[in-house]
Participant: 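For reference, the structure I am asking about is given below.
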Number of protein chains: 2
Amino acid sequence: MQQMEQIVASLREEGFRITPQRMAIVDYLLKTEDHPSAELIHKVIRKKYPMVSLSTVYKTLELLKEKKLVNEMDVEGEARFDAHTDEHINLVCMNCGKIDDVDEDSLKDIQVKAARKSKYLILKSSFELSGYCSDCKSKFQA
Amino acid sequence: MQQMEQIVASLREEGFRITPQRMAIVDYLLKTEDHPSAELIHKVIRKKYPMVSLSTVYKTLELLKEKKLVNEMDVEGEARFDAHTDEHINLVCMNCGKIDDVDEDSLKDIQVKAARKSKYLILKSSFELSGYCSDCKSKFQA
DNA sequence: TTCCTTATTGATAATAATTCCTAATTAATA
DNA sequence: TATTAATTAGGAATTATTATCAATAAGGAA
Ligand SMILES: [Mn+2]
Ligand SMILES: [Mn+2]
Ligand SMILES: [Zn+2]
Ligand SMILES: [Zn+2]
């Protein structure tokens, strides 16, 4: 995700209004390393800005997705949002729900190769590994 | 996915009952190259075996997932089932909903590397590219 | 084959994340 | 400050999936 100023400028330029709700959501996403759900974003933001509704969170996330400022991923039927929009691997802990990022240079090559082989026009990619994180895995090994 | 006989044998061995419903679902998944939703599986199977309910389809898919005979993936809020359980790339057409497979040898290496870097115990992987298939992409290029 | 036990099924109700709807609010501009 | 169209809040609607449970039938024993 880019910096706040650029985001604000580009949204305003396209005729979108800069509301406190949108600022709060973008600000949170810019600062977190987390991959929060809509619900969590709502909860966190309410502490500082109590006047943000869940529907506004959803609508803002939709806008940010369209502007390619966040990616949406699905973890067990719940959408999780990722402000880290470069190609990378998301590691999902099936116990605590945490998601960690791992960079891997070859992902872009793989994507290009797959596009060639399949003749698809590729617009989005998602590389996801699930299991147990270092904290949780001890609990699941006999 | 393995062959029908092995699947039947291993389910029976573990005390699961072999019902016509389960046979029909496994049979369909074995034969299709498709990545069907629960609803589609239900519709297709009903033609041959009208006495299969949607809840049974869901429960059977749950069982097959636990036995690692199918993978579940999510496409726009709907679960899609993949009987091709080796590591591969799924290409999702955002227009017609079709999913194509592309093999890529380096996926396993990437997975191993990511596991080492992150200290995760990895149990599942999903490599997904979305865009427009060769049939659909012409409609989306000005 | 017939009978028993209990896993499985089918039908429907419940759940939960997301989307839809609309009157009230407010950002942007002059 | 007044105007106006975009946005918001909050609740209703939607929809895929899960839960519930009485009826059924698979598999084993006699
Ligand atoms: Mn990430
Ligand atoms: Mn596949
Ligand atoms: Zn964990
Ligand atoms: Zn297509």
Side-chain angles (χ1 to χ4, degrees), chain A residues 4 7-28 35-46 48-67 70-82 92 97, chain B residues 4 7-28 35-46 48-67 70-82 92 97:
Chain A
M4 180 63 97
I7 294 169
V8 165
S10 76
L11 287 178
R12 203 187 303 260
E13 199 172 338
E14 294 184 72
F16 294 104
R17 293 181 178 175
I18 307 306
T19 64
Q21 291 89 337
R22 285 176 175 170
M23 295 282 277
I25 292 165
V26 169
D27 182 62
Y28 171 55
H35 296 68
S37 65
E39 194 93 41
L40 179 61
I41 293 170
H42 185 228
K43 270 203 197 105
V44 171
I45 284 182
R46 283 208 135 178
K48 254 188 162 174
Y49 310 88
M51 71 313 184
V52 179
S53 74
L54 185 56
S55 8
T56 296
V57 172
Y58 274 110
K59 266 174 292 197
T60 301
L61 288 168
E62 187 61 36
L63 175 65
L64 296 176
K65 262 182 350 189
E66 276 164 23
K67 299 288 148 233
V70 297
N71 285 329
E72 181 179 347
M73 51 190 293
D74 176 275
V75 177
E76 319 191 38
E78 189 185 53
R80 303 279 293 268
F81 298 88
D82 191 347
V92 182
Chain B
M4 180 63 97
I7 295 169
V8 165
S10 75
L11 287 178
R12 204 188 300 260
E13 199 171 340
E14 294 184 71
F16 295 104
R17 291 181 181 176
I18 306 306
T19 64
Q21 290 89 337
R22 286 176 174 170
M23 295 282 276
I25 292 166
V26 170
D27 181 62
Y28 170 54
H35 295 69
S37 64
E39 194 93 42
L40 178 62
I41 294 171
H42 185 226
K43 270 202 198 106
V44 170
I45 283 184
R46 282 206 137 176
K48 253 187 160 175
Y49 308 87
M51 71 312 186
V52 179
S53 75
L54 184 56
S55 5
T56 296
V57 171
Y58 274 110
K59 267 174 293 197
T60 300
L61 288 168
E62 188 60 36
L63 174 65
L64 296 175
K65 262 184 349 192
E66 277 165 22
K67 299 290 147 226
V70 297
N71 285 329
E72 182 178 346
M73 52 190 293
D74 176 277
V75 177
E76 321 191 36
E78 189 185 53
R80 303 278 293 267
F81 298 88
D82 191 346
V92 182

Participant: Whole angstroms only, please: what is the CG-C1' distance between A/Asp74 and D/dA16?
Facilitator: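 Roughly 12 Å, once rounded to whole Å.
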Participant: Nearest whole Å is fine: how far is D/dA19 P from B/Leu54 CG?
Facilitator: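 These atoms are roughly 15 Å apart.
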Participant: Return the value, rounded to whole Å, for the distance between atom OH of A/Tyr58 and atom C1' of D/dT7.
Facilitator: 19 Å
Participant: Measure CD/B/Glu66 against C1'/D/dT18 and give the value in whole Å, please.
Facilitator: 14 Å
Participant: Of all the heavy-atom pairs spanning A/Arg17 and A/Arg22, show the shortest one and how long it is.
Facilitator: O-NH1, 2.9 Å
Participant: Find which nucleotide of DNA chain C each of B/Gly15 and B/Arg46 is nearest to by heavy atoms, and output the residue with the more 5' nucleotide.
Facilitator: B/Gly15
Participant: How many Å lie between CG on B/Leu40 and C1' on D/dA16, as a whole number?
Facilitator: 15 Å
Participant: Chain A on DNA chain C: first and last contacting nucleotide, 5' to 3', under 4.0 Å to a heavy atom?
Facilitator: C/dA17 to C/dA28
Participant: Rounded to whole Å, how long is the line connecting atom NE2 of A/His42 with atom C1' of D/dT8?
Facilitator: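 That distance rounds to 12 Å.
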Participant: Show the distances under 3.5 angstrom between N or O atoms of the protein and N or O atoms of nucleotides 26-30 of chain D.
Facilitator:
unit_1	atom_1	unit_2	atom_2	d
D/dA26	N3	B/Arg17	NH1	3.0
D/dG27	OP1	B/Arg12	NH1	3.4
D/dG27	OP1	B/Ile18	N	2.7

Participant: Using the closest heavy atom to pick a nucleotide of DNA chain D for each, name whichever of B/Phe81 or B/Lys59 lands nearer the 5' end.
Facilitator: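 Whichever sits nearer the 5' end wins; that is B/Phe81.
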Participant: Hey, does the side chain of A/Thr56 reach the backbone of A/Val52 with a donor-acceptor pair shorter than 3.5 angstrom?
Facilitator: no
Participant: Any chance you could measure A/Gln21, atom CD, to A/Met51, atom CE, to the nearest 0.5 Å?
Facilitator: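 Answer for the CD-CE pair, A/Gln21 versus A/Met51, is 5.5 Å.
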Participant: Just verifying a value: how many Å separate B/Phe81 CZ and B/Leu40 CG, rounded to the nearest 0.5 Å?
Facilitator: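 Interatomic distance, B/Phe81 CZ to B/Leu40 CG, rounded to 0.5 Å: 11.5 Å.
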Participant: Any sub-3.5 Å donor-acceptor pair from B/Arg12's side-chain atoms to B/Ile18's backbone N or O?
Facilitator: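 Checked: no pair found.
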Participant: Charged N to carboxylate O below 4.0 Å: is that the case for A/Lys65 and A/Glu62?
Facilitator: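 Judged by the 4.0 Å cut-off on N to carboxylate O distance, A/Lys65 and A/Glu62 do form a salt bridge.
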Participant: Testing the basics here: between A/His42 and A/Ser53, what is the closest heavy-atom pair and its distance to 0.1 Å?
Facilitator: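 Nearest pair, atom of A/His42 first, then A/Ser53: NE2-C, 3.6 Å.
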Participant: Could you tell me how far apart B/Leu61 (CG) and D/dA16 (P) are, to the nearest whole angstrom?
Facilitator: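 Atom-to-atom, B/Leu61 to D/dA16, this comes out as 15 Å.
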Participant: With no angle test and no hydrogens, is the base of D/dG10 tied to the side chain of A/Ser53 by a donor-acceptor pair under 3.5 Å?
Facilitator: no
Participant: Measure the CD1-OH distance between A/Ile25 and A/Tyr58 for me, rounded to the nearest 0.5 Å.
Facilitator: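 So the gap between those two atoms works out to 12.0 Å.
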Participant: Do you know the tightest heavy-atom contact between B/Leu61 and B/Val70?
Facilitator: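 The answer is O-CG2, 4.2 Å.
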